[in-house]
There are 2 protein chains.
Amino acid sequence: MRADRLELDREEMRRLGYRAVDMLVEEWTGLSQKPVGRKAGREELMAALQEPPPREGAPPEVVFERLARDVFPNLLRIHHPRFFAFVPGPSNFAAAVGDFLAAGHNVFAGNWLSGSAASAMELVVTGWLRDLCGLAPGAEGLFVSGGSVANLTGLAVARHAMLGNRLEGAVAYLSEQTHSSVERALRILGLLPEQIRRLGVNDHFQLSIHDLRAAVAADRAEGKRPFCVVGNAGAVNTGAVDPLNELADFCEAEDLWLHVDGAFGAAAAISERGRRELKGLDRADSLSLDPHKWLFQPYEAGCVFVRQGSLLKETFRITAEYLRDVHRPSEEVHFCDRGVQLTRGFRSLKVWLTFQIFGLDAIQRAVERGFELADYGEERLRGMPEFELVTSAKMAVVTFRRRGLSEQAYLEVVARMLEDGYAFLTSTVIRGKAALRLCTINPRTTKEDIDFTLDRLSRICSELLR
Amino acid sequence: MRADRLELDREEMRRLGYRAVDMLVEEWTGLSQKPVGRKAGREELMAALQEPPPREGAPPEVVFERLARDVFPNLLRIHHPRFFAFVPGPSNFAAAVGDFLAAGHNVFAGNWLSGSAASAMELVVTGWLRDLCGLAPGAEGLFVSGGSVANLTGLAVARHAMLGNRLEGAVAYLSEQTHSSVERALRILGLLPEQIRRLGVNDHFQLSIHDLRAAVAADRAEGKRPFCVVGNAGAVNTGAVDPLNELADFCEAEDLWLHVDGAFGAAAAISERGRRELKGLDRADSLSLDPHKWLFQPYEAGCVFVRQGSLLKETFRITAEYLRDVHRPSEEVHFCDRGVQLTRGFRSLKVWLTFQIFGLDAIQRAVERGFELADYGEERLRGMPEFELVTSAKMAVVTFRRRGLSEQAYLEVVARMLEDGYAFLTSTVIRGKAALRLCTINPRTTKEDIDFTLDRLSRICSELLR
């Protein structure tokens with residue numbers, strides 16, 4: 001080792017790398033027999049981790065011991081087959097190896113000069129996703145850190161294309177079921193709270209076209225400038241899919257931009273069932289989609305598409321004198337021109353590797369399985385009289401209540417499930433009342449996992465009611 | 001393998017992982033004897049990579065062969081000891097292993113519930129960087145994807161704190177040497193081009209306080225609302241450091257926010273020399289700093305600090321019903337509340353691992369070495385009559401011209417250096433004229449690397465002049 005050059009010998013590198021592989025192979029082997037993870041308190045964690053930066057290095061085995069003792073056990077396993085909370089990140093081992101290869105080669109995917117093969121691969125893989133989701137061939141996209149930046153990117157293009165970036169009087173429309181990252185993105189883009197209309201939903205938790213029409217008309221009458229409607233392709237709360245075709249018709253007629261937030265759901269469009277559930281997805285002017293959710297990638301992997309692809313570059317392109325060697329032949333694509341990041345890692349590699357190792361057929365079946373597991377969960381819940389279904393299985397989400405349980409008790413149920421460690425799910429609020437929620441997009445989840453989870457849940461609820 | 005569950009057997013995982021380790025150990029062993037990399041054309045790359053998504057998976061060895069043949073050779077090695085272009089990313093192998101561990105454990109570092117240990121580690125590591133850079137204890141920070149989002153984050157806080165997010169008449173000030181990502185960030189935040197003053201620089205390429213004072217006064221006289229000044233802590237072009245103390249005095253007196261773009265240079269403040277060069281850095285209201293540059297991390301690792309830490313949360317916090325189980329005890333820190341991303345990977349792990357494996361002393365020496373190498377480069381250039389120094393070594397950047405070389409020839413020199421493959425450096429424009437530029441922050445660079453690179457460069461220039 002030459003520490004002051006941050007350099008390891010060949011053998012040191014190999015040992016360190018193999019050790020990491022061994023640790024991760026252990027993690028992924030028999031995952032189902034392990035707990036879903038643990039949340040530790042700040043005091044406990046700080047006692048273990050708080051220290052001044054060490055002046056001297058420590059042997060890798062000592063460092064790994066600390067990680068194995070203090071760090072990795074104190075995380076939730078979002079990739080666990082019985083992690084049904086929020087939106088699970090099922091991930092896959094091969095893709096994690098892809099992230100390692102990208103980090104190890106220190107790939108810069110911001111421009112063609114530094115990362116020509118990475119840029120080409122991003123063209124190929126975004127092309128696959130574009131076609132698989134049924135988007136038009138002229139649509140262009142890029143990988144980003146996740147849904148938040150995907151939404152920010154799509155909405156920035158909307159602002160540019162529809163408003164010439166002038167915000168006075170601009171108004172955007174979304175539903176009360178729209179993910180909060182959309183509102184945050186709009187705020188970052190400079191819209192004030194009064195420029196964001198959070199509209200009601202119908203019985204299926206879909207944006208009401210009727211309310212939308214009325215709101216747009218009222219705003220126009222007041223001289224406001226409606227410019228953008230945000231539709232949901234799988235709202236996280238209940239899996240609701242807004243009526244995308246109707247929204248697209250309305251937006252066309254009214255000259256509005258349709259941004260579809262498919263961070264959770266849109267990747268499901270690569271499967272037949274998903275395609276059916278997401279009719280009209282192809283009509284989005286911009287679309288966000290998170291491969292680190294239902295496309296089984298490790299964090300971070302978001303993706304965004306814009307139907308009129310050239311608008312991405314129009315919105316984001318920057319130049320700089322010290323970058324002048326970069327901006328040359330037009331056949332070269334500089335992904336830094338398409339989004340907020342100049343320096344960008346090689347996110348497309350892990351997605352490519354997943355397709356190469358497992359193949360599209362298997363990935364499509366893995367997506368379909370998410371739908372089927374939620375259907376199964378619904379069926380099981382219908383057979384358990386102590387539970388009451390709130391929303392049926394939709395986009396792999398099912399929500400329900402435990403009869404007789406008080407509002408406050410739901411948080412306690414969730415806390416006890418976590419403490420128990422067998423499975424994890426979270427609560428939410430639906431029509432003003434607490435509910436439990438299962439999101440079943442992990443293809444490694446079995447029906448037994450769902451059976452046992454619901455049994456365990458039932459028991460915990462009963463204990464609380466006693 | 002259970003392909004439709006995206007599941008590999010223990011032995012398959014191990015083989016895949018070891019294969020990746022072996023590939024990366026080969027990459028990092030004897031790096032100096034390898035070319036700095038290659039840029040391939042789109043046609044060539046698409047011929048190799050363009051295909052429909054494969055329906056069936058392929059054996060890992062076949063997939064790795066494709067990567068080894070078509071992908072990794074067609075990238076620049078930003079971590080190569082003779083990569084002097086743009087801002088190098090020296091990276092280090094141990095940190096890449098950190099990224100692998102983070103991806104393999106699929107860590108969600110967005111909130112305390114899902115990632116308590118990751119959140120605690122981010123508190124610890126951002127605390128280290130805060131203290132090492134001499135920032136006040138009340139400063140809070142977070143890891144982000146890189147300088148672009150770091151600047152976006154800091155400037156979003158400025159907009160919130162100084163303008164209550166109302167953009168009418170707002171004006172921001174920066175110098176013509178400020179990185180284009182700052183302007184892009186301001187545009188994303190809703191400022192129009194006419195709200196951004198790009199001011200001239202003095203002989204040292206520093207923002208002129210005189211011009212700044214005049215511009216602010218003129219804007220105030222017109223009823224505009226100056227709110228933010230952007231200072232450079234190492235402008236990429238020449239390494240210029242704006243007079244941060246004077247800027248801070250001015251901003252205090254004028255009630256303006258001081259954002260310091262230290263994406264390239266600020267990490268150097270962990271060393272004694274860097275601290276001297278960056279006097280006044282601690283007075284920034286917000287500061288961006290990229291560990292994936294001069295702190296030797298693989299892409300992506302940016303970082304941003306805000307002096308009054310609580311403003312981050314005030315600016316970015318969002319809530320959602322399905323996240324209600326997350327927002328509980330106040331001792332828990334949710335990093336998703338501090339920036340644009342909700343889902344966030346575990347970026348702090350690789351930085352922590354670098355400190356644990358190599359130790360602070362070594363890292364500080366590695367930073368110092370960057371300064372020394374540029375000093376050495378300057379000395380060598382002064383001894384070569386065919387070259388003319390344009391700016392002396394500053395923050396590990398030195399710029400120079402080849403006497404007699406036409407403006408257009410500079411791009412050709414760069415192209416030939418790349419073709420040659422021994423070393424890479426890029427050109428820029430300084431005071432309206434082309435110049436060559438060395439950025440020497442890779443601690444594995446030797447003096448001989450610089451000698452031979454300049455010799456090679458000299459020869460290529462001579463050939464072009466013949």
Side-chain angles (χ1 to χ4, degrees), chain A residues 3-6 10 13 17 20-21 24-25 29 39-40 42 45 49 53 56-57 63 71 74 76 79 91-92 96-97 99-100 103-104 106 114 116-117 120 124 128 146 148 180 184 190 298-300 318 320-322 325 331 341-343 345 356 358-360 362 365 414 426 428-429 443-444, chain B residues 3-6 10 13 17 20-21 24-25 29 39-40 42 45 49 53 56-57 63 71 74 76 79 91-92 96-97 99-100 103-104 106 114 116-117 120 124 128 146 148 180 184 190 298-300 318 320-322 325 331 341-343 345 356 358-360 362 365 414 426 428-429 443-444:
Chain A
D4 61 351
R5 304 197 172 181
L6 278 67
R10 185 194 201 95
M13 287 192 280
V21 172
L24 290 175
V25 169
T29 303
K39 176 183 87 160
R42 182 161 174 173
L45 287 167
L49 295 172
E56 301 293 327
V63 177
V71 178
N74 293 317
L76 298 196
H79 49 294
S91 191
N92 78 84
V97 170
D99 263 351
F100 183 34
N106 200 34
S114 294
S116 55
V124 169
W128 290 350
S148 297
S180 48
R184 179 153 73 181
Y299 301 122
E300 305 167 343
I318 53 173
E321 285 156 350
Y322 86 101
D325 297 301
E331 56 151 39
Q341 290 184 234
L342 171 55
T343 296
Q356 296 297 342
F358 298 107
L360 174 60
R365 284 198 301 275
V414 169
T426 36
T428 185
V429 174
R444 292 176 291 274
Chain B
D4 60 352
R5 303 197 172 181
L6 278 67
R10 185 193 201 95
M13 287 192 279
V21 172
L24 290 174
V25 169
T29 303
K39 175 182 87 160
R42 182 161 174 174
L45 287 167
L49 295 173
E56 301 293 327
V63 178
V71 177
N74 294 317
L76 299 196
H79 49 294
S91 191
N92 78 84
V97 170
D99 263 351
F100 183 34
N106 200 34
S114 295
S116 55
V124 169
W128 290 350
S148 297
S180 48
R184 180 154 72 181
Y299 301 122
E300 306 167 343
I318 53 173
E321 284 156 350
Y322 86 101
D325 297 301
E331 57 151 38
Q341 290 183 235
L342 170 55
T343 296
Q356 297 296 344
F358 298 107
L360 174 61
R365 285 199 301 275
V414 169
T426 36
T428 185
V429 174
R444 292 176 291 274

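Per chain, numbering begins at 1; letters A, B, ... match sequence-line order. Values reported hereafter were calculated over all heavy atoms of this structure, with side chains retained and with hydrogens, waters and symmetry mates removed. Note that the structure is a prediction, hence the values are computed from the model and not measured.
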Do you know which of [options] has the most heavy-atom pairs under 4.5 Å to chain B?
options	answer
A/Gly17, A/Ser114, A/Ala40, A/Gly146	A/Ser114
A/Ser91, A/Gly57, A/Gly190	A/Gly57
A/Gln341, A/Glu56, A/Arg184	A/Arg184
A/Leu76, A/Asp4, A/Asn106	A/Asn106
A/Ala120, A/Gly345, A/Ser116	A/Ser116

Item to check | Selection from B/Pro53, B/Ala20, B/Ala362, B/Ala3 maximising heavy-atom pairs under 4.5 Å formed with chain A | outcome: B/Pro53
Checklist entry - Which residue out of B/Pro298, B/Gly104, B/Ala117 racks up the most heavy-atom pairs below 4.5 Å with chain A? => result B/Ala117
Item to check | Atom pair CE (A/Met13) and CG (B/Asn92), whose distance is rounded to the nearest 0.5 Å | outcome: 11.0 Å
Checklist outcome for this item: Taken to the nearest 0.5 Å, the spacing of B/His79 NE2 from A/Leu6 CG works out to 14.0 Å
Under 4.5 Å from a heavy atom of chain B, the part of [X] involved:
X	result
A/Leu24	side chain
A/Glu300	side chain
A/Val71	both

Checklist entry - Shortest non-hydrogen contact from B/Asp99 to B/Tyr299? => result OD2-O, 3.8 Å
Checklist entry - Which pair of non-hydrogen atoms, one from B/Leu45 and one from B/Asn74, has the smallest distance, and what is that distance? => result CD2-ND2, 3.7 Å
Item to check | Side chain, backbone, both or neither of B/Gln356 within contact of chain A (heavy atoms, under 4.5 Å) | outcome: both
Item to check | Which atoms of B/Val25 approach chain A - backbone, side chain, both or neither, heavy atom under 4.5 Å | outcome: both
Next on the checklist: Looking at A/Arg444 and B/Arg5, would you say the former's side chain and the latter's main chain have a donor-acceptor pair under 3.5 Å?
Outcome noted: yes
Next on the checklist: So does B/Leu342 get a backbone contact from the side chain of A/Ser148, meaning a donor-acceptor N/O pair under 3.5 Å?
Outcome noted: yes
